[in-house]
Amino acid sequence: MVDVGYSKKVMEHFMNPRNVGVIEHPDGYGKVGNPVCGDVMEIFIKVKDDVITDIKFRTFGCGSAIATSSMVTELAKGKHVDEAMKLTRGDVASELDGLPPQKMHCSNLAADALHEAIKDYKAKKQKKK
Amino acid sequence: MKSIYLDYASSTPVDPRVMAFAAPYLSEVYGNPSSLHSGGLKAKQAVEDARAKVAALINAEDDSTLLFTSGATEANNLAIRGVALRNASQGKAVAATAIEHMSVLNPMKDLQKQGFTFTKVPVDSTGLVEIDHLSESVTKNTVVTSVMSANNEIGTIQPIREISRVVHEKALYLHVDATASAGRIPIDVQKEGIDLLTLSSNDLYGPKGAGALYVKPGVKLQSIVFGGGQEKGLRSGTENVFAIAGMGEAARLAEKEMTAESTRLIRIRDALIAALLTIEDSFLTGHRTKRLPHHVSVRFSHIEGESILLNMDMYGIQVSTGSACSSKTLEPSHVLLAIGLKHEEAHGSMVVTLGRSTTMEDVPVVRKAAGETVERLRKLSPLH
């Protein structure tokens with residue numbers, strides 16, 4: 001049987017997204033997407049000893065864009081940046097019990113935003129040295 | 001939680017009176033209308049009675065001008081392909097407004113592959129056809145020009161009589177898709193100068209699975225479905241007697257109750273529009289007054305329509321959106337782009353269409369849910 005619509009987990013994250021907001025003076029910041037395409041995500045991270053200690057996001061987009069953003073922040077929190085860098089869109093989607101095929105690009109964006117934030121952190125760290 | 005259905009432009013429930021009327025055609029009257037025995041004749045009579053009722057709704061010259069199809073999509077396909085292919089010797093051009101339904105635009109695009117020229121006629125920012133552009137867009141080669149009576153996404157009602165005059169100055173036939181408007185505003189195919197007109201059952205409180213095409217006497221078209229020759233050879237296939245009988249009864253009720261129901265809904269519509277527009281950065285889409293009685297469409301800045309729809313659903317309120325994320329193509333509504341909205345503006349649309357179950361008491365409930373939805377999503381949005 002083909003499931004229609006979003007999984008319960010997607011709806012739960014959509015209605016009660018984790019880690020929403022902005023971090024002032026983040027150690028890393030990533031922004032992906034484009035309002036023209038209907039998805040914009042930004043992720044802020046605080047990092048201590050290469051471990052993500054705090055993470056926040058803001059997202060303009062559809063239900064799965066919001067749910068995947070929320071999920072990726074949950075998955076990344078407490079992880080070493082190198083481990084978090086390995087999180088893929090597949091990880092995000094499967095943690096949400098799957099996404100409709102046409103929505104897979106949303107989970108891609110969430111992981112991309114995280115990766116951008118980590119890259120930003122690493123670049124800043126490099127500069128400081 | 002009380003569920004409030006506000007997506008009547010997508011589908012209407014079958015009116016209980018229609019259900020009671022049509023139910024025997026699923027059980028007791030099961031003959032094939034083409035059969036000559038008494039069971040077949042009963043079914044045939046049901047189809048003919050329905051034809052008369054649908055003809056009355058649009059003031060057709062004669063019952064025989066109505067052909068039943070499987071729905072509005074098939075009726076639009078038959079009107080466009082059937083006319084274009086049959087009359088190709090008179091010209092190989094078709095035209096439609098930029099805000100037509102996909103079941104009009106896509107058959108026209110397909111005709112391009114067969115050597116037809118397809119011209120899209122622009123609309124203004126309220127969704128009204130620009131008459132000067134229409135006049136320039138059609139030529140003596142334009143065998144079918146399609147203009148919807150009213151738009152399903154923005155509710156704008158077109159001046160069909162004037163459009164008919166302009167089209168017939170140069171071009172051959174005018175096709176009008178009345179799916180969104182039939183039963184809601186008066187339609188008179190003779191007075192308005194319409195050659196072909198599409199109707200849908202499930203937009204009229206009838207069952208899904210039936211539609212009709214009005215074909216003015218003398219208009220030439222050919223079949224796009226070949227088989228046993230039902231519907232004067234123009235639409236083969238055993239008639240969906242249940243849905244057709246239901247559509248007929250739905251058309252009869254719609255005609256009888258249209259004036260009272262429209263008056264009632266316009267009051268609720270205007271109250272809801274006024275209430276929704278008190279939300280910050282909200283805008284009406286479509287025309288303020290030349291608007292279907294049951295149609296409310298707005299857009300909110302900095303948030304996305306599918307999220308709006310899902311969030312409203314959590315309040316038990318079912319609405320629609322023209323956002324990209326809710327579509328199969330991931331493109332925002334072509335209608336909202338055609339009225340000049342930018343992509344990012346078109347993403348934040350909410351379409352609320354009222355119906356027989358809607359009451360004035362629903363207005364504050366919807367306003368509250370919409371206000372909370374917009375506030376929550378804007379808090380999440382980096383654009384806000």
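Per chain, numbering begins at 1; letters A, B, ... match sequence-line order. Fair warning: this is a prediction, and the values are worked out from it, not measured in the lab.
- Contacts from residues 373-384 of chain B to chain A, taken as heavy-atom pairs separated by less than 4.5 Å, involve B/Arg376, B/Leu377, B/Lys379, B/Leu380, B/Ser381, B/Pro382, B/Leu383, B/His384 in sequence order.
- A donor-acceptor pair is defined here as one N or O able to donate and one able to accept, closer than 3.5 Å; such a pair exists between the side chain of B/His347 and the backbone of A/Val36.
- Contact annotation for residues 63-85 of chain A against chain B (heavy-atom separation below 4.5 Å, listed by residue number): A/Gly63, A/Ser64, A/Ile66.
- The two residues B/Ser307 and A/Gly61 make their nearest non-hydrogen contact at OG-O, 2.5 Å.
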Please lay out, stage by stage, how A/Phe60 and B/Glu304 fare under the test side chain to side chain contact (heavy atoms under 4.5 Å, CB included). CA-CA 7 Å; A/Phe60 159 78; B/Glu304 192 279 329; 4.0 Å; yes
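- For a heavy-atom cut-off of 4.5 Å, chain B lies close to no residue in residues 109-121 of chain A.
- The interface of residues 11-27 of chain A with chain B, defined by heavy-atom distances below 4.5 Å, comprises A/Met11, A/Phe14, A/Met15, A/Pro17, A/Val20.
- By the neighbour-count criterion of 12 heavy atoms within 6.0 Å, atom CD of B/Gln112 is densely surrounded, having more than that number from other residues, nucleotides or ligands.
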